[in-house]
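Pasting in a structure now, in structure tokens, and then I'll have a few things to ask.
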Protein chains: 2
Amino acid sequence: MGVPVSSANSLAVDDLGSAAQRDRRKRILDATIALASQGGFDAVQMRAVAEQADVALGTLYRYFPSKIHLLVSALQREFERTEIALRDKPVDGDTAADRVISALKRTTRGMQSDPQLTEALTRAFMFADASVAAEIHQVGMLLTAMVTRAMYPEGHEELTDEDVSIAQVIGDVWLSALVGWVTGRTSAAETGQRIEVAVRLVLRD
Amino acid sequence: MGVPVSSANSLAVDDLGSAAQRDRRKRILDATIALASQGGFDAVQMRAVAEQADVALGTLYRYFPSKIHLLVSALQREFERTEIALRDKPVDGDTAADRVISALKRTTRGMQSDPQLTEALTRAFMFADASVAAEIHQVGMLLTAMVTRAMYPEGHEELTDEDVSIAQVIGDVWLSALVGWVTGRTSAAETGQRIEVAVRLVLRD
DNA sequence: CGGTGAACTGGAACGTGTTCCTATTTTAGA
DNA sequence: TCTAAAATAGGAACACGTTCCAGTTCACCG
């Protein structure tokens, strides 16, 4: 794996030389988010995204090789924003469990305030296949980072293997719960409950 | 909710009066499994299923209102078979954790022996939306039943709320791990490892 | 047995993701 | 500044999920 970037992957921000290209990428993701939050997964139609981003269909596919790549990349951007926003706010709670629950609930609440968008991004994430592995991995890292930060609010010496495992389990449950909510199988309250129970089960200080 | 069954759902076996209909349904699911295990999700094309099942396309849609319904129903049937097969075999292991791990690993191994089929069924399961809630729920029940049975091998008096929560968490992790494997993000070994770690974390006897 | 409505067949047609092609514009280097 | 290469526009074409319809067969009731 040398310098040349992604063969079948989304163009990352770093790969884009010109400002015009960065701007195009931004416009595309903005259009994606706008359409998604208005009508969910089905409303994110490639022709509509291209039109709203003022870009040709072929160009859209040059930046994002599939609808799934597009949506997962949008998820990644949103997640990064959330993560940065959260980074400064002090997480309240005395125990690790309390802090993790608080952080996750805050995030969950944020997603639930825009159900259509959440539906679109979550479905894309779950439907992604091997070709989206890189983007998916990024999101996974962000998620476990968010959890471990809540576990150890101050810059911490070192994460043990168990810490990472715990964060991973919590991430898994959170995703499953989110899918359940997105697909209308569980209510918002149940979703929060399910996450809380899992965290307390795994994080008994 | 009166007697009339599902408006937008798959025709359940019980709803089918004639033997010919039961047979058609079986042929359709057989064709689905065959195509899926040969080429995965993408190979399960509705026209191909119809042809291989010797049924008209319209009839296929009469039995299963979408590709997702079709695949989730296939998953349900496979899962029921697995569950029944497992029901008799005694689960070995001294602790609940050991037994659950053993049972899940056996199931996982079974799925990994037919990767394409597993990919097709898992992707469908994760992509399913609200209209498939009924079928999804069935599968979820089977899964937690499998886990709780491993926890308490003998017919047990009563499951506590915590028991159910534990089973649910384990189910969530198992699904996430499976998705990771299906999408090529984690190897088979890592998948088993991840499940084992989670179970031991949640089931400390 | 005849009739009636449901189920099935065969296939056309439509929508949306994806691919592909040509003409035009932008960018980078000499 | 001029030129070659890369990127973009615009849009046709294709694949597959889904819908729909006309004609036929099947199952059940009188």
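All figures in this text were calculated on a predicted structure; none of them were measured in a lab. So you know, we letter chains A, B, ... as the sequences are listed, proteins then strands, and number each from 1.
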Provide the closest heavy-atom pair for A:A177 versus A:T186 in the form atom of the first, atom of the second, distance.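 Smallest heavy-atom distance, with atoms named: O-OG1, 4.1 Å.
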Rounded distance [0.5 Å steps], CG in A:L75 versus CZ in A:R123: 14.5 Å
Main chain of B:A133, side chain of A:R185: is a donor-acceptor contact present, judged purely on distance under 3.5 Å? no
Please report, to 0.1 Å, the donor-acceptor pairs under 3.5 Å made by any side chain of residues 32-40 of chain A, with sequence neighbours excluded.
unit_1, atom_1, unit_2, atom_2, d
A:T32, OG1, A:I28, O, 2.8
A:S37, OG, A:I33, O, 3.2
A:S37, OG, A:A34, O, 3.3

Identify the 5'-most and 3'-most nucleotides of DNA chain C with at least one atom closer than 4.0 Å to a non-hydrogen atom of chain A. C:dT16 to C:dT19
For B:M151, does its backbone N or O pair with a side-chain atom of B:R99 as donor and acceptor, under 3.5 Å?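 Between the backbone of B:M151 and the side chain of B:R99 there is a qualifying donor-acceptor contact (under 3.5 Å).
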Start at the 5' end of DNA chain D and walk down; is the nucleotide closest to A:G58 or to B:G58 reached first?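 Comparing both residues, the 5'-ward one is A:G58.
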Check: B:T183 side chain, B:G180 main-chain N or O, donor-acceptor pair, under 3.5 Å: yes
Toward the 5' end of DNA chain C, by each residue's nearest nucleotide, B:R27 or B:L57: B:R27
Just the endpoints, please: which first and last nucleotides of DNA chain D, 5' to 3', lie under 4.0 Å from a heavy atom of chain A?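 Both ends considered, the range comes out as D:dA7 to D:dA13.
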Between the side chains of A:T108 and A:W181, does any donor sit under 3.5 Å from an acceptor? no
Answer yes or no: is there a donor N or O on one side and an acceptor on the other, between the side chain of B:T122 and the main chain of B:V179, under 3.5 Å?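 Not at all, since once roles are kept as given, no pair shorter than 3.5 Å links the two residues.
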Using a 3.5 Å distance criterion without hydrogens, assess whether the side chain of A:D172 forms a donor-acceptor pair with backbone atoms of A:V169.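 No; zero donor-acceptor contacts below 3.5 Å.
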Ring pair (Phe, Tyr, Trp, His ring centres under 6.0 Å) with A:F127: which residues, sequence neighbours excluded?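 Listed in chain order: B:F41, B:F127.
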For DNA chain D, which residues of residues 44-55 of chain A approach it to below 4.0 angstrom with any heavy atom?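 A:R47, A:D54, A:V55, in order of number.
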Of all of residues 114-121 of chain A, which get a heavy atom below 4.0 angstrom from DNA chain C, listed by number?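 Those residues whose heavy atoms fall under 4.0 Å from DNA chain C, taken from residues 114-121 of chain A, amount to none.
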As an exercise, state the distance from CZ of A:R204 to CG of B:L201, rounded to the nearest 0.5 Å. 8.0 Å
Evaluate the side chain to side chain donor-acceptor pair (under 3.5 Å) criterion for residues A:Q168 and A:S165: first the C-alpha distance (whole Å), next the side-chain angles of each, then the deciding distance (0.1 Å), finally the verdict. CA-CA 5 Å; A:Q168 224 170 37; A:S165 296; 5.5 Å; no
Given the rule in the side chain to side chain donor-acceptor pair (under 3.5 Å) test, do A:E190 and A:S187 qualify, once you have shown the distances and angles that lead to the verdict? CA-CA 5 Å; A:E190 286 168 321; A:S187 70; 3.2 Å; yes
